[in-house]
Amino acid sequence: MNYNTQQQWQAILEKLKKDKNPLYELLKDSGIDEDGDYLKLYIPNEDNKKLAQGKIPKIQAKLPIGWQKKRLNIVVGEPPVQIQQSSTKKSIIQPNSRSTSLPAMGKLKSLQSPLQQLNNFINFDFDKNGNELVQGALEAAVIADKTCESLYQQLTEKTRKLADDTITVQFPWRLRVGGMRGFRELLLPVFHPVYGVPYIPSSSLKGAIRAIALQNKSNFSEVERLLGTLDDGIGCVQILDAFPTASSLNVDMANPQWHWENGQVRYNSVPHALLSMKHPEFVIGLSRTSRGKNLDDVQKVKDWLEKALAAGIGSRVSAGYGRTGLSAGLTYSSSHDFQLWTQGIYGADTQQSEFRPVALRGMLRYWFRAISLSIYSPTESKEFEAILFGTIDPKSQEGTIRIGVEWEEGEKRGSGNPYFYKGKILLESKEQQHLILIENLLRLSSHIAGIGRGSRRPLHWNSPRMRGCYWELSERKLPCEQKAWQDLIQQVLNAFSVVKKPHSLPDTGKSSSLNKSIVAPPVKRSTISPPLKRSQRTDSPDNFDNPNNRYQDVFNNQTYIYLVPSSEMRHPKSVQDWSQEGNTALVRGKALELLYSSPNYKGMNREGKGNAEVGGKLGIPSFVIIKSNFPDSGQPYQTVTIFGSNNKARAAFIEALPKDSIQVCPILFK
């Protein structure tokens, strides 16, 4: 039996339990196994088997898409389980072995160390390229963490007894502290050396407290008196190691999709599984040391701690991790209200959508790169990107900007409806001009594309599922007017030039060689106004030598933006039944209707129907981005952005746009 199969089944059971689905009580002691085109569902007794057979359609509806195509057989019994004994006689699960499998959650009775579980994981699956798939090992650690509830309770009680004062904090999203190198060179969160569970070391808490105290211009000698120094020893207040109050370890996912490669940015989605704590709660203890006599000192450090936790602690803070609130931790900041309707944003669990601040950060990074590549050389653009957004190994550096999000999830109106979120986006920077640049990017991107999955399409129903997304800022929304759009684009470009003055841009060899192979007529539209002065770079997102190579979209003189009036288009909040109304022109809008009207434009499906050079295909993002907009005054409209318009197929799509479309690009520096 394959470990990953059973692990997926346990994730389904967890979801059923969380949703309070009646199927959970029926299936909670079950196991599953794959056998070719069949799935074997193991049920503990004959009565439950009969009940389950009557609910096969409902069970199949909860399965992953890949499993729904398999025939489901229900049998009485349990999946074969083999548990090896260590020298200390404790049970050690060895997943992914041909002869072993994972027991059901209800059978994990003894306490297990997540860190030890990782060390015991010996067999791995491999992808088609021969790379090890580590997600199964991380999932094994998560299951082990669920056996540690009593340990977390004991450690929390111990903190309360030792501390003079405590603070209970809840992280609304995820927390990842530290970066210890573990098995298979995975970058793991910090695990306690004795208990083997995730925690926040006192040193991390003290470092965050010291930083926020000095940032708030507290007296330096006072900070040293309270927290101590290397030379003078301990201070007056001790911060204790902090443990979660309950199991919270969770498999997370980082999925960089665009990668620098030989002076260009190539599309190549490479998901990396990792561990973080999801919605963790901590009781953090503070106590007086032998030097401390005054409880007021403890209160002062506690105030600093609360501010530090709101500003962010641990790693990936710039991507939204490790924050209990939206208190600014950097010198310059601004807050922006938003609303989002989406087909879903997903991490490692593809069955459960969650709002992920990293998706917002990734979107801003993408549009930053699209514009910077049209202004600077690839080398300059890459360096500029690293300054603002930071880099990861092997040359890790912290960027000058941070993004925080505080949100709440709205209620879905039955199945088939979009996920809804609303909240605040906090932009921070160490430099004022960097903040202004990101603010302008945020406003432009909110009018031109979406966030996360479906970001290149307006929200609509494409049977049998929701597609695309719609989001808006509460700030003034651009009307369907050429001048307003060109003014905003010029503001964005000016913000770039203030931070980094552009130099002359000689043609890059690789881009030039690609463009020589482009044979397409010039775009001819009577509505086109004379383009403003712009960069002469002609980087193409196509690679005609290898069509599967998709390069970063660049805001150059082959990028066209049109405003397509859609006066009767309906806002997502006014759609009541998406399965009925979501596939109509009133929701799709005129531009998406055109894209879907012909296989010459729409994306290529699995059967090979469509045009990958316009609408893209699986693994190749669309060259056309459509975003619905509902301004504060005036008619609704859709923004249509076409990259690489000197491609014949995309030029034909431009020619087919409605005659009342308004062109606002190309435009670059005056």
Side-chain angles (χ1 to χ4, degrees), residues 326 328 332-342 360-361 363-364 366-368 370-371 401 403-408 410 420-429 432-451 455 458-459 468-499 529 532 555 561-574 589-591 625-641 660-665 667 670:
L326 281 188
Y332 301 97
S333 64
S334 62
S335 179
H336 309 265
D337 293 329
F338 78 96
Q339 295 187 88
L340 168 67
W341 291 258
T342 173
L360 174 65
R361 179 182 174 82
M363 179 270 296
L364 288 173
Y366 169 86
W367 286 107
F368 167 85
I371 295 174
I401 65 166
I403 298 169
V405 186
E406 188 174 73
W407 71 92
E408 58 183 86
F420 173 68
Y421 303 93
K422 64 178 181 179
K424 292 182 181 296
I425 298 168
L426 178 69
L427 301 179
E428 301 177 81
S429 182
Q432 186 175 21
Q433 297 303 330
H434 292 187
L435 175 65
I436 293 173
L437 189 158
I438 297 300
E439 286 174 333
N440 277 281
L441 268 182
L442 178 68
R443 189 175 180 216
L444 176 63
S445 61
S446 71
H447 285 86
I448 212 169
I451 303 172
S455 62
L459 190 67
C469 78
Y470 171 78
W471 75 297
E472 62 184 22
L473 301 176
S474 62
E475 300 154 20
R476 185 177 71 85
K477 304 175 189 69
L478 288 178
C480 187
E481 297 175 2
Q482 184 188 65
K483 185 178 185 305
W485 268 83
Q486 291 185 340
D487 286 347
L488 175 61
I489 293 171
Q490 195 65 58
Q491 287 176 23
V492 175
L493 299 170
N494 290 342
F496 273 81
S497 66
V498 168
V499 177
S529 59
L532 300 176
F555 226 85
I561 296 180
Y562 290 90
L563 312 180
V564 180
S566 298
S567 58
E568 296 182 350
M569 189 169 60
R570 297 175 60 183
H571 194 287
K573 64 185 178 184
S574 66
K590 291 183 179 180
I625 300 179
I626 303 173
K627 169 72 165 62
S628 298
N629 287 295
F630 298 87
D632 299 322
S633 61
Q635 63 181 330
Y637 63 97
Q638 291 188 309
T639 307
V640 183
T641 307
D660 59 348
S661 300
I662 302 169
Q663 186 221 355
V664 295
C665 269
I667 173 178
K670 297 180 179 179

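Atom NZ in K424 sits 4.5 Å away from atom OG in S335 (nearest 0.5 Å). Here Q339 contributes atom CD and F420 contributes atom CZ; the two are 4.0 Å apart, rounded to the nearest 0.5 Å. Distance CG/L442 to CG/L437: 11.5 Å, rounded to 0.5 Å. Atoms CD1 and CG, on I489 and N494 in that order, are 12.0 Å from each other to the nearest 0.5 Å. Atom CG of N629 sits about 8.5 Å away from atom CG of L563, to the nearest 0.5 Å. Considering OG1 of T639 and CD1 of I561, their distance stands at 7.5 Å, rounded to 0.5 Å.
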**OP:** Go through the steps to decide whether T342 and L459 satisfy the test side chain to side chain contact (heavy atoms under 4.5 Å, CB included), and finish with yes or no.
**Re:** CA-CA 7 Å; T342 173; L459 190 67; 5.7 Å; no
Original post:
Does the side chain to side chain contact (heavy atoms under 4.5 Å, CB included) test come out yes or no for W367 and L444, once each step is laid out?
Top reply: CA-CA 9 Å; W367 286 107; L444 176 63; 5.8 Å; no
**OP:** Could you give me the CA-CA distance, side-chain angles and deciding distance for I401 and L427, then say whether side chain to side chain contact (heavy atoms under 4.5 Å, CB included) is met?
**Re:** CA-CA 7 Å; I401 65 166; L427 301 179; over 6 Å; no
Subject >> Worked check of side chain to side chain contact (heavy atoms under 4.5 Å, CB included) between C665 and W485 >> reply: CA-CA 9 Å; C665 269; W485 268 83; over 6 Å; no
Subject >> ring pair (Phe, Tyr, Trp, His ring centres under 6.0 Å) evaluation trace for F338 with Y421 >> reply: CA-CA 8 Å; F338 78 96; Y421 303 93; 8.2 Å; no
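Remark: side-chain polar atoms of W341 are not paired, donor with acceptor, to backbone N or O of H571 under 3.5 angstrom. No donor-acceptor distance shorter than 3.5 angstrom exists from the side chain of Q638 to the backbone of K627, with no hydrogens or angles considered.
In this structure, the side chain to side chain contact (heavy atoms under 4.5 Å, CB included) partners of Y332, at least two apart in sequence or on a different chain, are Q432, L435. With sequence neighbours left out, the ring pair (Phe, Tyr, Trp, His ring centres under 6.0 Å) criterion links Y366 to W258. Remark: P565 engages C480, Q635, D660 in a side chain to side chain contact (heavy atoms under 4.5 Å, CB included) (not counting sequence neighbours). The salt bridge (charged side-chain N to carboxylate O under 4.0 Å, His left out) test applied to K422 returns no partner, not counting sequence neighbours. Residues that satisfy the side chain to side chain contact (heavy atoms under 4.5 Å, CB included) test with Q433, not counting sequence neighbours, are I436, V498, V499.
Considering only heavy atoms from C-beta on, D337 stays 4.5 Å or farther from L473 through its side chain. With contacts defined as side-chain heavy-atom distances shorter than 4.5 Å, the pair V405/L426 does not qualify. In this structure the side chain of Q490 never reaches within 4.5 angstrom of the side chain of Q486, judged on heavy atoms. Within the 4.5 Å cutoff, no side-chain heavy atoms of Y562 are placed close to those of I662. Counting only heavy atoms from C-beta outward, the side chains of M569 and S628 approach each other to under 4.5 Å.
The stretch residues 474-485 participates, sequence neighbours left out, in these salt bridge (Lys or Arg N to Asp or Glu O under 4.0 Å) pairs: K477-D632, K483-D487. Residue pairs satisfying the side-chain hydrogen bond (donor to acceptor under 3.5 Å, both in side chains) criterion with at least one member in residues 437-448, sequence neighbours excluded, are listed as follows: S334-E439.
With ring centers used as reference points, F630 lies 6.0 Å or more from Y637.
Heavy atoms from other residues, nucleotides or ligands lying under 6.0 Å from CD of Q491 number more than 12.
Residue P631 comes nearest to G634 through the heavy atom pair CG-O, 4.0 Å, listed as atom of the first residue, atom of the second, then distance. Residues P636 and S567 come closest through the heavy atom pair CD-O, 3.6 Å. Among all heavy-atom pairs drawn from A591 and V640, the shortest one is CB-CG2, 3.4 Å. Between L488 and L478, the closest heavy-atom pair is CD2-CD1, 3.3 Å.
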